[in-house]
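This report refers to the structure that appears directly beneath it.
Bear in mind that the values here come from a model prediction, so they are computed numbers and not experimental data.
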Amino acid sequence: MFTMTNIKNVYDEVQIFFDEELEWNSAIKREWVEGFLRQKAWQGADDENLRDLWRNLQMFVSYLAYSGDVAIDEMTAAEYSLAVEWMIVQIEEFKPNVKTVSHFFAILREFYDYLTTKKITFDTAEIEQAAQFMTGSKRLRFIESGDEETQQQTKSSLTLPKDIGRIVGEAVERLMLKFSSYFQQENFIEDFDRALVLYLGPLGQMPEDENDDEFWLEFWDYFLFDYHLLTNDRTPINQFSIDYKDRLTDEERKILHELMGAKFTVFYVESVINQDWVECVNLLTDEKFRLPNPNYDYKLIKKLLFYGHVFLQQEEHELVMINFITSVEISNNLRRRIKEEINRQKAMLELQQTGATWDDFVGRHANAVRHTIDLLATWARVNVTSYAQVERNFPQPTDDNKTVNKAVTESIAIFMPKFGYSWHDAVLAQKLWRDFSKIATVTIRKPAVWAAAVIQAYSQINNGESELPVDTLAEEMAVGKSSISANRSKIFEALKLEKYDPRYLSEEGIVSLLYDLQ
């Protein structure tokens with residue numbers, strides 16, 4: 001039997017949900033739920049039963065709020081099926097099996113029966129049809145919109161509902177509003193401007209319509225997932241999670257966690273498995289995976305190269321979301337050419353980072369991949385570092401145990417941000433200093449002079465004609481111009497440095513390289 005304290009706790013949960021957590025008007029009223037629970041309590045339901053009833057009703061109310069449905073008496077059998085699919089994805093404890101779904105429908109029908117006693121009546125034929133079709137056999141089945149009566153095929157309980165992109169997209173859209181508010185803070189202005197420059201590239205122009213939705217969707221996709229912040233090299237979505245996750249609802253935190261698992265992927269469709277699925281191939285790794293069938297013309301889809309963020313469920317290794325995908329129509333020969341170019345770019349990263357994987361590469365240079373695809377799809381060629389440059393013999397340290405002057409290393413870290421360089425730029429410049437120190441023997445009287453020389457060398461490698469002026473370095477770091485130039489020459493000679501040297505190529509550097517047609 002229940003106690004009054006337990007009943008009050010359940011009612012408190014209902015009140016908190018409707019008054020504080022539910023952000024949209026509900027098609028189901030709070031007083032309906034409270035009356036239903038009160039009736040069940042008088043019929044002998046204990047605290048555990050009441051909480052179970054409320055959990056199932058709460059899931060349904062949450063779905064109605066997200067879907068925008070305004071009246072439950074207008075829901076079709078297919079919409080009940082979609083509600084179940086949404087719960088499977090959004091609510092971890094809601095298991096994709098007949099038992100769980102049957103229990104949900106049973107509670108919902110009891111709730112509808114209660115409403116009938118209160119003169120709130122409507123046709124229950126649709127929910128009966130949904131329950132019978134979905135749970136009437138040993139295996140859970142789903143209803144396709146517009147095909148409720150003739151639907152014969154069954155779906156695996158682990159497959160992706162066709163409408164899930166819309167459902168998750170709506171949830172992401174709500175998070176995007178919070179992303180936008182967070183990143184409009186003054187401390188992100190410099191990052192936002194830098195990200196826009198990187199995304200547009202040296203020749204890029206803003207669209208004529210500054211409110212072009214497609215442009216800004218693509219840009220935000222890059223900014224959130226692939227851009228690296230100046231101060232700490234984190235992606236913005238990771239920084240948002242650190243600073244803001246405690247202010248999100250449980251559901252928003254779950255979605256954010258899933259979004260943070262997104263991987264930038266370049267892929268093409270190899271074959272159509274059936275009306276629901278296509279088999280895709282990761283262009284870079286040759287890994288195969290399935291995606292929902294986009295229902296394009298087959299002849300067209302075979303000509304498309306896709307790129308964007310997808311992510312997998314860790315347990316089932318089944319795709320659960322496609323975030324924002326761009327496609328370009330290209331030939332098979334051009335597809336191979338793009339793969340060759342990106343392979344060469346990965347080889348450049350391996351010179352910086354021994355053993356770098358494809359995950360390492362796209363995690364650092366997804367933006368360069370975007371530009372490479374765009375340029376090769378629209379231009380006759382892209383001038384990237386040749387294999388001869390990648391495979392040339394680089395100077396090796398004569399004494400790997402030599403001490404590296406820490407004062408120079410620290411000075412690089414202190415001054416580079418003052419010139420607009422990122423945390424990662426400082427890491428690469430410190431690597432340049434470390435490599436030089438293990439090859440050459442020099443006397444260091446004033447660390448700032450050598451730090452300035454390293455920064456100038458790094459600037460000349462990555463920034464081409466827009467290198468950091470020696471006058472600026474000399475004034476800010478309080479050192480002589482001639483000393484900077486002399487030490488910079490020693491560094492270039494010892495390391496055999498070249499413009500766009502792959503050992504120290506930055507994110508800005510590789511994008512500049514792609515557009516350097518000289």
Side-chain angles (χ1 to χ4, degrees), residues 198-204 222 226-228 263-268 280-287 304-309 326-328 330-396 424-425 427-428 431-432 435 457-458 460-465 495-518:
L198 282 167
Y199 180 74
L200 292 170
L203 305 181
Y222 157 67
D226 300 323
Y227 176 74
H228 298 93
K263 300 292 185 183
F264 182 81
T265 308
V266 183
F267 62 93
Y268 58 91
C280 303
V281 179
N282 185 317
L283 179 71
L284 308 182
T285 66
D286 295 322
E287 177 187 7
L304 296 177
L305 184 68
F306 301 87
Y307 57 94
H309 292 92
T326 302
S327 63
V328 292
I330 59 174
S331 66
N332 288 341
N333 286 337
L334 185 53
R335 189 170 73 197
R336 285 192 290 270
R337 172 78 175 115
I338 290 172
K339 183 173 183 176
E340 290 172 0
E341 293 292 348
I342 299 174
N343 267 300
R344 196 171 305 177
Q345 293 166 20
K346 179 175 178 286
M348 289 191 285
L349 182 65
E350 289 172 352
L351 291 170
Q352 291 180 15
Q353 185 177 331
T354 303
T357 64
W358 276 113
D359 282 347
D360 295 327
F361 174 74
V362 296
R364 176 59 56 188
H365 291 303
N367 187 49
V369 173
R370 284 184 175 89
H371 282 290
T372 300
I373 295 171
D374 184 53
L375 285 169
L376 276 173
T378 55
W379 290 31
R381 69 182 182 89
V382 175
N383 181 24
V384 298
T385 301
S386 67
Y387 279 116
Q389 166 78 333
V390 173
E391 295 174 356
R392 67 187 176 95
N393 292 322
F394 295 101
Q396 300 299 317
H424 184 66
D425 286 318
V427 169
L428 289 178
K431 179 180 184 297
L432 190 156
D435 291 347
Y458 183 81
Q460 290 175 330
I461 290 169
N462 286 288
N463 298 101
E465 301 302 322
L495 291 174
K496 306 300 180 186
L497 296 176
E498 296 183 8
K499 183 180 179 182
Y500 303 128
D501 194 298
R503 292 170 290 176
Y504 315 105
L505 199 62
S506 68
E507 291 169 79
E508 282 90 344
I510 196 169
V511 172
S512 296
L513 166 63
L514 293 173
Y515 287 86
D516 191 340
L517 300 180
Q518 296 181 356

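In this structure, CD1 in Ile330 is found 10.5 Å from CZ in Arg336, a value given to the nearest 0.5 Å. A distance of 9.5 Å separates CG in Asp501 from CD in Gln352, rounded to the nearest 0.5 Å. To the nearest 0.5 Å, the span separating CG on Leu497 from CD on Gln460 amounts to 9.5 Å. Going from atom NZ of Lys499 over to atom CG of Leu505 covers 11.5 Å, rounded to the nearest 0.5 Å. Here the CG-OG1 distance, from Leu514 to Thr372, works out to 4.5 Å after rounding to the nearest 0.5 Å. Distance check, rounded to the nearest 0.5 Å: CG of Leu283 to CD1 of Ile373 gives 7.5 Å.
Taking 4.5 Å as the limit, some side-chain heavy atom of Met348 sits within range of a side-chain heavy atom of Leu513. Proximity of Phe264 to Val369: side-chain heavy atoms (C-beta onward) are separated by under 4.5 Å at one or more points. Between Asn463 and Ser512 there is no side-chain heavy-atom pair separated by less than 4.5 Å. Looking at heavy atoms from C-beta onward, Gln353 lies out of side-chain contact with Arg364 at the 4.5 angstrom threshold. Side-chain contact check for Asp425 versus Asn462: every heavy-atom pair is 4.5 Å or farther apart.
Using a 30° and 60° split on the angle between ring planes, Tyr222 and Tyr199 fall in the parallel class, below 30°. Under the 30°/60° scheme for interplanar angles, the aromatic rings of Trp358 and Phe361 are found to stand perpendicular.
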inquiry  = Could you walk me through whether Leu432 and Ile461 satisfy the side-chain contact (heavy atoms from CB on, under 4.5 Å) test, starting with their C-alpha distance in whole Å, then the side-chain angles of each, then the deciding distance to 0.1 Å, before giving a yes or no?
reply    = CA-CA 11 Å; Leu432 190 156; Ile461 290 169; 3.9 Å; yes
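In terms of modelled atom types and a separation under 3.5 Å, the side chain of Arg503 and the main chain of Leu495 share a donor-acceptor contact. Without hydrogens or angle criteria, Asn367 side chain to Tyr227 main chain gives no donor-acceptor distance under 3.5 Å.
Nearest heavy-atom pair, Lys496 versus Pro395, reported as atom, atom and distance to 0.1 Å: CG-CG, 3.5 Å. Looking at every heavy atom in both residues, Gln345 comes nearest to Ala368 through OE1-CB, 4.0 Å. Taking every heavy atom of both residues into account, Pro202 and Val511 meet most closely at CD-CG1, 3.8 Å. Listed here is the closest heavy atom pair of Pro502 and Leu351: CG-CD1, 3.7 Å.
For NZ of Lys263, the number of neighbouring non-hydrogen atoms (other residues, nucleotides, ligands) closer than 6.0 Å is 12 at most.
Under the rule for a ring pair (Phe, Tyr, Trp, His ring centres under 6.0 Å), the partners of Phe306 that lie at least two apart in sequence or sit in another chain are Phe267.
For His228 and Glu507, the side-chain atoms include at least one donor-acceptor pair closer than 3.5 Å.
Pairs passing the salt bridge (Lys or Arg N to Asp or Glu O under 4.0 Å) check and including a residue from residues 366-376, sequence neighbours excluded, read Asp221-Arg370, Asp226-Arg370. Sorted by first and then second residue, the salt bridge (Lys or Arg N to Asp or Glu O under 4.0 Å) pairs involving residues 348-362 (not counting sequence neighbours) are Lys346-Glu350.
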